[in-house]
Amino acid sequence: MKKLLYTSIFIAALISPKINAQYQPKNTSKEDLKKAQEWVDNTYKNLSQDEKLGQLFIVALYTNKGEDYINQVRNIVTNDKIGGLILMQDDAAKEINLVNEFQQTSKIPLMIGMDAEWGLFQRIARAHKFPWAMTLGAIQDKSLVYQMAAKIAEDCHRMGINWDFAPVVDVNTNPNNPIIGNRSFGSEVDNVISSALSYSNGLQDNNILAAIKHFPGHGDTSTDSHLDLPVVSHNMERLSSIELAPFKALMSEGVGGVMVAHLYVPTLESGKGTPASVSKNIITGLLKGKLGYKGLIITDALNMGAVANKYKPGELDALAFKAGNDIMLFSQGVSEGKKLIQKAIDNKEIPQSRVDESVKKILLTKYFLGLTKYTPKNPENINADLDNSSHAKLVQNLYANALTLIKDEKNLLPISGKQVYYIPLEEAPYQTFANKMGANIVIKKANEINSIPTGSTIIVGLHKDNSTAYKPYKISDESKKVLADLTAKKQNIILNVFGSAYALKDLDLSKISTVLVSYENNEDSMNATADALLGKTKIWGRLPVLVNDQLKAGMGIDLDATVTTEQNNTTSKQK
């Protein structure tokens, strides 16, 4: 198939004057649409060309880089009249105060975005952490994913955020992917679509814009695009059925934003080394033309090494806009970019109608998000509001529903009234789990396994570092040796992985009776796991990824909770 398949498709549609932001609140009436269009037309008419160009840019706001940095951002907001901000680390109250200030001084309301895939915790350490997408992919009741996104939307509103740059819809078919991994719902297209749709609806039904990413698909890469340019070398048939499939499905459901990746996809772009984010073939030809997407198109962050190392600030922004993006995210050169875009317009390289199209889409989306009626947010008690019992209750329920029982050959679960030993392995904390299990377990260190009587029931906990989504999942040789020694002694082993399912990839599970995947290692996941092992909650998650030839996506066993009441002291177990 020709590499330039999409080069000339629907080019005429590029300069259509029709304004259609894909996102709009449900049950929007004709009268509401009329009012929205009138506001857009009147607002646009009263903007100078410089102000129009400013709407195309979003810059980063950090609160941990000092006052000089904040003053630089303040000057960009004031002088370059930019369209929005992406909130980064780390002080929520200070961010609220700055957003209030900038919104009150901006002629056009600012779009405030954040990478909040697993909640605001992704950028604000004092917020409560929600599960990673890989964990959510194991959950069978996708209404729970909707509930999570709705709660994230609530937290966004509390902060004055309008756009969550989520969910990731990359299909993670490469276990060694250094940048997607836990951020993907899994390796199966249908599961990615259903999980991401619930997530997107949970945001947008609560008036927070979603952005599916990273178009045209970052799931089968082995390079971190923050550092260098990854290559996706699949043919068109594969791209269409795997990488592009979630985007095609979700764009038809009204998701308001698509984020374009810094990837080189030679099947879609013949220009050697040209990233998708600055490829006219991919953005204008494929995304806008062939796929007919009319929502907001935004670049991935322009400070990432895949592009920042190759292009100058400003130059990169102009190339991205020429390619068909509406918004340049994390711009490193707003004033230079505006000048270069205007120069390209003057030289007839870009029609003015491109500016009209993008800015009117941006304005219409801002109207639908309620930004014309912005009210300042209150910074008081913000940390408590972003991390309280309502978060913990929801999050523990999510982890409980994600738990995946791969096998339980000797019916060792649930644990009730048995003497059980517990051996914590790997590098991360485990005490929360031990405390929750209480008197049911006796803790033994790895060098104490010889003191455990033969034929004992032993929980081996593989506790992986949960501090970021990007930590390696591989199990150490030391832990593998402990497992081998225990199986040689014919112990009854419950292997509990507090980490990625990919951690099972290189383990010999043939002589291990029971294998449970908890996906993450934090207080909420450990509490949820302990409750399940004690029979308090049902286990019914499914593997979201293909791990190896023995462990395939969709695997999992249902295990009912043990039911105990004063009136009817019974237990039930279903497999």
Ignoring hydrogens, what is the shortest heavy-atom contact between [X] and [Y]? Give both atom names and the distance.
| X | Y | result |
| --- | --- | --- |
| Ala36 | Phe368 | CB-CE2, 3.9 Å |
| Tyr473 | Asn176 | OH-OD1, 3.5 Å |
| Trp163 | Ala211 | NE1-CB, 3.4 Å |
| Ser500 | Asn182 | CB-OD1, 4.1 Å |
| Ile82 | Phe57 | CB-O, 3.7 Å |
| Ala501 | Leu543 | CB-CD2, 3.6 Å |

Please determine, by modelled atom types, if [X] and [Y] share a side-chain donor-acceptor pair under 3.5 angstrom.
| X | Y | value |
| --- | --- | --- |
| Asp356 | Tyr44 | yes |
| Tyr146 | Asp141 | no |
| Asp224 | Tyr470 | no |
| Tyr199 | Asp164 | yes |
| Lys366 | Gln55 | yes |

Can you measure from [atom1] ([X]) to [atom2] ([Y]) and round to the nearest 0.5 angstrom?
| X | Y | atom1 | atom2 | answer |
| --- | --- | --- | --- | --- |
| Lys52 | Ile108 | NZ | CD1 | 11.0 Å |
| Leu398 | Trp132 | CG | CH2 | 14.5 Å |
| Ile70 | Leu61 | CD1 | CG | 6.5 Å |
| Asn303 | Leu316 | CG | CG | 10.0 Å |
| Asn235 | Arg238 | CG | CZ | 9.0 Å |
| Ile152 | Asn206 | CD1 | CG | 11.0 Å |

Answer yes or no: is there an ion pair linking [X] with [Y], defined by an N-O contact shorter than 4.0 Å?
| X | Y | result |
| --- | --- | --- |
| Glu357 | Arg354 | yes |
| Glu427 | Lys471 | no |
| Arg183 | Asp115 | no |

Donor-acceptor contact present, side-chain [X] to main-chain [Y], <3.5 Å:
| X | Y | value |
| --- | --- | --- |
| Ser518 | Glu520 | no |
| Glu95 | Thr63 | no |
| Tyr293 | Gly257 | yes |
| Thr274 | Ser270 | no |
| Asn177 | Gly219 | yes |
| Ser525 | Asn522 | yes |
| Asn521 | Asp465 | no |
| Thr223 | Thr221 | no |
| Glu269 | Gly271 | yes |
| Ser195 | Asn191 | yes |

Which residues satisfy the side-chain hydrogen bond (donor to acceptor under 3.5 Å, both in side chains) test with Asp50, sequence neighbours excluded? Lys338

Check the orientation of His463 and Phe498. Use parallel for under 30°, tilted for 30 to 60°, and perpendicular for over 60°. parallel

Under 30°, 30 to 60°, or over 60°: which ring-plane class applies to His214 and His218, parallel, tilted or perpendicular? perpendicular

Given the options Lys348, Gln342, Lys343, Asp346 meets side-chain hydrogen bond (donor to acceptor under 3.5 Å, both in side chains) only with Gln342

Please name all residues satisfying side-chain contact (heavy atoms from CB on, under 4.5 Å) with Ile475, sequence neighbours left out, ordered by chain then number.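 Scan of Ile475 (side-chain contact (heavy atoms from CB on, under 4.5 Å), adjacent residues dropped) gives Glu426, Leu462, Lys464, Ser479, Lys480, Ala503, Leu507.
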
Non-neighbouring partners of Ala249 that pass side-chain contact (heavy atoms from CB on, under 4.5 Å), sequence neighbours left out: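 Testing Ala249 for side-chain contact (heavy atoms from CB on, under 4.5 Å), a comparison that skips the adjacent residues, returns Ile193.
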
Which pairs with one or both residues in residues 543-554 pass side-chain hydrogen bond (donor to acceptor under 3.5 Å, both in side chains), sequence neighbours excluded?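 Residue pairs with at least one partner in residues 543-554: there are none.
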
Going by the rule ring pair (Phe, Tyr, Trp, His ring centres under 6.0 Å), which residues pair with His262 if we only count those two or more places apart in sequence or in a different chain?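 Partners of His262 under the ring pair (Phe, Tyr, Trp, His ring centres under 6.0 Å) test: none.
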
Quiz: residues 318-328 side-chain donor-acceptor pairs under 3.5 angstrom, not counting sequence neighbours:
{"from": "Lys322", "atom 1": "NZ", "to": "Glu349", "atom 2": "OE1", "distance (Å)": "2.9"}
{"from": "Asn325", "atom 1": "ND2", "to": "Ser277", "atom 2": "O", "distance (Å)": "2.8"}
{"from": "Asn325", "atom 1": "ND2", "to": "Ala320", "atom 2": "O", "distance (Å)": "2.9"}
{"from": "Asp326", "atom 1": "OD1", "to": "Ser358", "atom 2": "OG", "distance (Å)": "2.6"}
{"from": "Asp326", "atom 1": "OD1", "to": "Lys361", "atom 2": "NZ", "distance (Å)": "3.4"}
{"from": "Asp326", "atom 1": "OD2", "to": "Ile297", "atom 2": "N", "distance (Å)": "2.9"}
{"from": "Asp326", "atom 1": "OD2", "to": "Lys361", "atom 2": "NZ", "distance (Å)": "2.8"}

Using a 4.5 Å cut-off on heavy atoms from C-beta on, say whether the side chain of Val545 contacts that of Met134. yes

Would you say that Val171 contacts Ser184 through its side chain, given a criterion of any heavy-atom pair below 4.5 Å between the two side chains?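 Not touching, per the 4.5 Å side-chain cut-off.
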
